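This report concerns only the one structure given below.
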Amino acid sequence: GRERQLAAMRAGFDDVLKGRPVTIRVAGASGMGKSAVAAHFLDGLVQTGEAVVLRGRAYERESVPYKAVDSVIDALSRYLSHLEEEGETITLPADIGALARVFPVLRRVPSIGDLAEAEVTDPNLVRRHAFSALRELLGTLSRRRTLVIYVDDVQWGDADSAALLLELVRPPKAPPLLFVMTERDGE
(Lines give C-alpha, C1' and ligand atoms only; values in the text may rest on other atoms or scores of the structure.)
Protein backbone atom coordinates (compact mmCIF):
# COMPACT_ATOMS: atom_id res chain seq x y z
CA GLY A 1 0.00 0.00 0.00
CA ARG A 2 2.99 2.32 -0.21
CA GLU A 3 3.51 2.28 -3.98
CA ARG A 4 3.25 6.06 -4.30
CA GLN A 5 5.94 6.66 -1.66
CA LEU A 6 8.21 3.96 -3.11
CA ALA A 7 7.78 5.45 -6.60
CA ALA A 8 8.73 8.89 -5.29
CA MET A 9 11.86 7.44 -3.67
CA ARG A 10 12.73 5.65 -6.90
CA ALA A 11 12.31 8.87 -8.88
CA GLY A 12 14.65 10.62 -6.46
CA PHE A 13 17.20 7.83 -6.81
CA ASP A 14 16.95 8.05 -10.60
CA ASP A 15 17.74 11.79 -10.36
CA VAL A 16 20.87 10.94 -8.36
CA LEU A 17 21.89 8.58 -11.16
CA LYS A 18 21.73 11.64 -13.43
CA GLY A 19 24.26 13.41 -11.21
CA ARG A 20 22.00 15.45 -8.96
CA PRO A 21 21.88 15.46 -5.15
CA VAL A 22 18.42 14.60 -3.84
CA THR A 23 16.97 14.81 -0.35
CA ILE A 24 13.88 12.79 0.50
CA ARG A 25 11.99 13.46 3.71
CA VAL A 26 9.64 10.69 4.83
CA ALA A 27 7.39 12.25 7.43
CA GLY A 28 4.34 11.15 9.34
CA ALA A 29 2.94 10.31 12.72
CA SER A 30 4.65 7.86 15.05
CA GLY A 31 3.93 4.25 14.12
CA MET A 32 2.87 4.96 10.52
CA GLY A 33 5.63 2.83 8.98
CA LYS A 34 8.03 5.55 7.80
CA SER A 35 11.13 3.59 8.79
CA ALA A 36 9.76 0.36 7.32
CA VAL A 37 9.03 1.98 3.95
CA ALA A 38 12.44 3.63 3.81
CA ALA A 39 14.21 0.43 4.87
CA HIS A 40 12.29 -1.60 2.27
CA PHE A 41 13.33 0.78 -0.49
CA LEU A 42 16.96 0.97 0.64
CA ASP A 43 17.24 -2.79 1.14
CA GLY A 44 16.13 -3.19 -2.47
CA LEU A 45 18.91 -0.86 -3.67
CA VAL A 46 21.50 -2.85 -1.73
CA GLN A 47 20.16 -6.25 -2.84
CA THR A 48 20.26 -5.26 -6.51
CA GLY A 49 23.72 -3.74 -6.13
CA GLU A 50 22.51 -0.33 -7.26
CA ALA A 51 23.88 1.62 -4.30
CA VAL A 52 25.87 1.65 -1.11
CA VAL A 53 23.68 2.74 1.78
CA LEU A 54 25.21 4.36 4.86
CA ARG A 55 22.56 4.02 7.56
CA GLY A 56 22.22 5.97 10.74
CA ARG A 57 19.70 6.92 13.35
CA ALA A 58 19.23 9.75 15.81
CA TYR A 59 18.06 8.89 19.31
CA GLU A 60 16.00 11.20 21.48
CA ARG A 61 17.93 10.56 24.67
CA GLU A 62 21.40 10.26 23.16
CA SER A 63 23.80 13.06 23.93
CA VAL A 64 26.68 13.02 21.45
CA PRO A 65 27.89 15.71 19.08
CA TYR A 66 26.42 15.48 15.60
CA LYS A 67 23.93 12.94 16.86
CA ALA A 68 21.93 12.73 13.61
CA VAL A 69 25.01 11.78 11.61
CA ASP A 70 27.20 10.05 14.20
CA SER A 71 26.01 6.55 13.30
CA VAL A 72 26.23 7.39 9.57
CA ILE A 73 29.91 8.18 10.12
CA ASP A 74 30.26 4.84 11.93
CA ALA A 75 28.84 3.17 8.81
CA LEU A 76 31.20 5.22 6.65
CA SER A 77 34.20 4.04 8.67
CA ARG A 78 33.13 0.41 8.25
CA TYR A 79 32.66 0.92 4.51
CA LEU A 80 36.07 2.57 4.09
CA SER A 81 37.73 -0.20 6.09
CA HIS A 82 36.01 -2.79 3.92
CA LEU A 83 37.24 -1.07 0.75
CA GLU A 84 40.79 -1.06 2.07
CA GLU A 85 40.56 -4.73 3.09
CA GLU A 86 39.51 -5.47 -0.50
CA GLY A 87 42.63 -3.66 -1.71
CA GLU A 88 40.82 -0.66 -3.17
CA THR A 89 42.65 2.65 -3.08
CA ILE A 90 40.72 5.62 -1.78
CA THR A 91 41.78 9.17 -2.53
CA LEU A 92 41.44 10.96 0.78
CA PRO A 93 40.78 14.69 1.05
CA ALA A 94 43.61 16.90 2.26
CA ASP A 95 41.57 17.78 5.37
CA ILE A 96 40.78 14.20 6.37
CA GLY A 97 42.63 14.77 9.66
CA ALA A 98 40.11 17.45 10.63
CA LEU A 99 37.26 15.08 9.84
CA ALA A 100 38.86 12.37 11.97
CA ARG A 101 39.27 14.90 14.76
CA VAL A 102 35.53 15.61 14.73
CA PHE A 103 34.65 11.92 14.21
CA PRO A 104 37.43 9.85 15.87
CA VAL A 105 35.85 6.56 14.71
CA LEU A 106 37.38 7.29 11.30
CA ARG A 107 40.83 6.66 12.80
CA ARG A 108 39.91 2.95 12.70
CA VAL A 109 40.34 3.12 8.92
CA PRO A 110 44.04 2.22 8.49
CA SER A 111 44.83 4.90 5.89
CA ILE A 112 43.24 7.58 8.06
CA GLY A 113 44.59 6.34 11.38
CA ASP A 114 48.15 6.42 10.01
CA LEU A 115 47.97 10.12 9.18
CA ALA A 116 49.47 12.73 11.49
CA GLU A 117 46.93 15.13 12.92
CA ALA A 118 47.23 18.77 11.94
CA GLU A 119 48.05 21.31 14.63
CA VAL A 120 44.89 23.37 14.14
CA THR A 121 43.50 24.67 17.41
CA ASP A 122 40.66 26.94 16.28
CA PRO A 123 37.52 24.78 16.66
CA ASN A 124 35.62 26.75 14.01
CA LEU A 125 38.42 26.17 11.51
CA VAL A 126 38.55 22.45 12.37
CA ARG A 127 34.79 22.23 11.86
CA ARG A 128 34.94 24.03 8.50
CA HIS A 129 37.78 21.78 7.30
CA ALA A 130 35.98 18.66 8.56
CA PHE A 131 32.77 19.55 6.76
CA SER A 132 34.69 20.23 3.57
CA ALA A 133 36.58 16.94 3.88
CA LEU A 134 33.37 14.94 4.36
CA ARG A 135 31.80 16.61 1.35
CA GLU A 136 34.87 15.82 -0.76
CA LEU A 137 35.13 12.23 0.52
CA LEU A 138 31.46 11.51 -0.18
CA GLY A 139 31.89 13.02 -3.63
CA THR A 140 34.84 10.72 -4.31
CA LEU A 141 32.92 7.68 -3.07
CA SER A 142 29.82 8.57 -5.08
CA ARG A 143 31.86 8.61 -8.28
CA ARG A 144 32.82 4.99 -7.58
CA ARG A 145 29.35 3.80 -6.69
CA THR A 146 25.97 5.45 -6.12
CA LEU A 147 25.78 6.48 -2.48
CA VAL A 148 22.76 6.85 -0.21
CA ILE A 149 22.80 8.37 3.27
CA TYR A 150 19.88 7.37 5.47
CA VAL A 151 19.06 8.97 8.82
CA ASP A 152 16.13 7.51 10.72
CA ASP A 153 14.35 9.74 13.26
CA VAL A 154 16.21 12.85 12.11
CA GLN A 155 13.92 14.97 14.30
CA TRP A 156 16.11 14.00 17.28
CA GLY A 157 19.17 15.52 15.60
CA ASP A 158 21.00 18.64 16.72
CA ALA A 159 22.02 21.96 15.19
CA ASP A 160 25.54 20.70 14.39
CA SER A 161 24.09 17.77 12.42
CA ALA A 162 21.80 20.13 10.52
CA ALA A 163 24.75 22.39 9.66
CA LEU A 164 26.76 19.41 8.42
CA LEU A 165 23.90 18.03 6.32
CA LEU A 166 23.30 21.47 4.81
CA GLU A 167 26.98 21.72 3.90
CA LEU A 168 26.78 18.40 2.09
CA VAL A 169 23.90 19.52 -0.15
CA ARG A 170 24.77 23.17 -0.72
CA PRO A 171 25.49 24.32 -4.26
CA PRO A 172 27.65 24.52 -6.21
CA LYS A 173 28.86 21.05 -7.05
CA ALA A 174 27.15 19.16 -4.24
CA PRO A 175 28.01 15.47 -4.49
CA PRO A 176 25.32 13.39 -6.24
CA LEU A 177 23.99 11.65 -3.15
CA LEU A 178 20.56 10.47 -2.13
CA PHE A 179 19.70 11.61 1.39
CA VAL A 180 16.74 9.78 2.91
CA MET A 181 15.52 11.00 6.27
CA THR A 182 12.55 9.90 8.31
CA GLU A 183 10.96 12.21 10.81
CA ARG A 184 7.88 12.37 12.97
CA ASP A 185 5.46 15.14 12.18
CA GLY A 186 5.31 17.81 14.85
CA GLU A 187 8.61 16.93 16.53
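Keep in mind that what you see is a predicted model, and the values were worked out from it rather than measured.
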What's the shortest heavy-atom distance between [X] and [Y], and which atoms?
{"X": "A174", "Y": "P21", "answer": "CB-CG, 3.8 Å"}
{"X": "L106", "Y": "S77", "answer": "CD2-CB, 3.8 Å"}
{"X": "F131", "Y": "D160", "answer": "CZ-O, 4.2 Å"}
{"X": "S81", "Y": "P110", "answer": "OG-CD, 4.3 Å"}
{"X": "L99", "Y": "A130", "answer": "CD1-O, 3.6 Å"}

Shared hydrophobic cluster, [X] / [Y] (ILVMFWY, side-chain heavy atoms < 4.5 Å):
{"X": "I149", "Y": "V53", "answer": "no"}
{"X": "V72", "Y": "L76", "answer": "yes"}
{"X": "V151", "Y": "F103", "answer": "yes"}
{"X": "I73", "Y": "L168", "answer": "yes"}
{"X": "V126", "Y": "L134", "answer": "yes"}

For L92 and T140, what are the C-alpha separation, side-chain angles and deciding distance, and is it a side-chain contact (heavy atoms from CB on, under 4.5 Å)?
-> CA-CA 8 Å; L92 297 173; T140 297; over 6 Å; no
Validation row: I90, L137 side chains within 4.5 angstrom (heavy atoms) = yes
Taking side chain as C-beta onward, heavy atoms only, is T23 less than 4.5 Å from V169?
-> yes
Test item: side-chain donor near acceptor, D152 and S35, under 3.5 Å = yes
Going by atom types alone, do D158 and S161 pair a side-chain donor with an acceptor below 3.5 Å?
-> yes
Run the salt-bridge test on [X] and [Y] with the 4.0 Å N-O cut-off and return the result as yes or no.
{"X": "E167", "Y": "R127", "value": "no"}
{"X": "D14", "Y": "R10", "value": "yes"}
{"X": "D153", "Y": "R57", "value": "yes"}

Full working for side-chain contact (heavy atoms from CB on, under 4.5 Å) between D185 and M32 | CA-CA 11 Å; D185 280 339; M32 294 301 295; over 6 Å; no
Using atom types as modelled and distance alone, determine if a side-chain donor or acceptor of [X] lies under 3.5 Å from a backbone N or O of [Y].
{"X": "S142", "Y": "L138", "answer": "yes"}
{"X": "K67", "Y": "W156", "answer": "yes"}
{"X": "R135", "Y": "R170", "answer": "yes"}
{"X": "S132", "Y": "R128", "answer": "no"}
{"X": "E84", "Y": "T89", "answer": "no"}
{"X": "R143", "Y": "G139", "answer": "yes"}

Across all chains, not counting sequence neighbours, the side chain to side chain donor-acceptor pair (under 3.5 Å) partners of R20 are D15
Can you tell me how far apart [atom1] ([X]) and [atom2] ([Y]) are? Round to the nearest 0.5 Å.
{"X": "Q155", "Y": "S30", "atom1": "CD", "atom2": "OG", "answer": "8.5 Å"}
{"X": "L178", "Y": "I24", "atom1": "CG", "atom2": "CD1", "answer": "4.5 Å"}
{"X": "L54", "Y": "Y79", "atom1": "CG", "atom2": "OH", "answer": "8.0 Å"}
{"X": "L83", "Y": "E88", "atom1": "CG", "atom2": "CD", "answer": "5.0 Å"}
{"X": "I96", "Y": "E136", "atom1": "CD1", "atom2": "CD", "answer": "8.5 Å"}

Decide yes or no on salt bridge (charged side-chain N to carboxylate O under 4.0 Å, His left out) for E183 and K34, but give the supporting numbers first.
-> CA-CA 8 Å; E183 73 172 323; K34 301 172 298 295; over 6 Å; no
Taking it one step at a time, do L165 and F179 satisfy side-chain contact (heavy atoms from CB on, under 4.5 Å)?
-> CA-CA 9 Å; L165 291 169; F179 292 91; 4.2 Å; yes
Could you list the donor-acceptor pairs under 3.5 angstrom formed between side-chain atoms of residues 37-46 and any protein atom two or more places apart in sequence or on another chain?
{"unit_1": "D43", "atom_1": "OD1", "unit_2": "R55", "atom_2": "NH1", "d": "3.4"}
{"unit_1": "D43", "atom_1": "OD1", "unit_2": "R55", "atom_2": "NH2", "d": "2.7"}

Got more than 12 heavy atoms from elsewhere within 6.0 Å of CZ, R144?
-> yes
Yes or no on side-chain contact (heavy atoms from CB on, under 4.5 Å) for T146 and F13, after CA distance, side-chain angles and deciding distance?
-> CA-CA 9 Å; T146 306; F13 182 75; 3.4 Å; yes
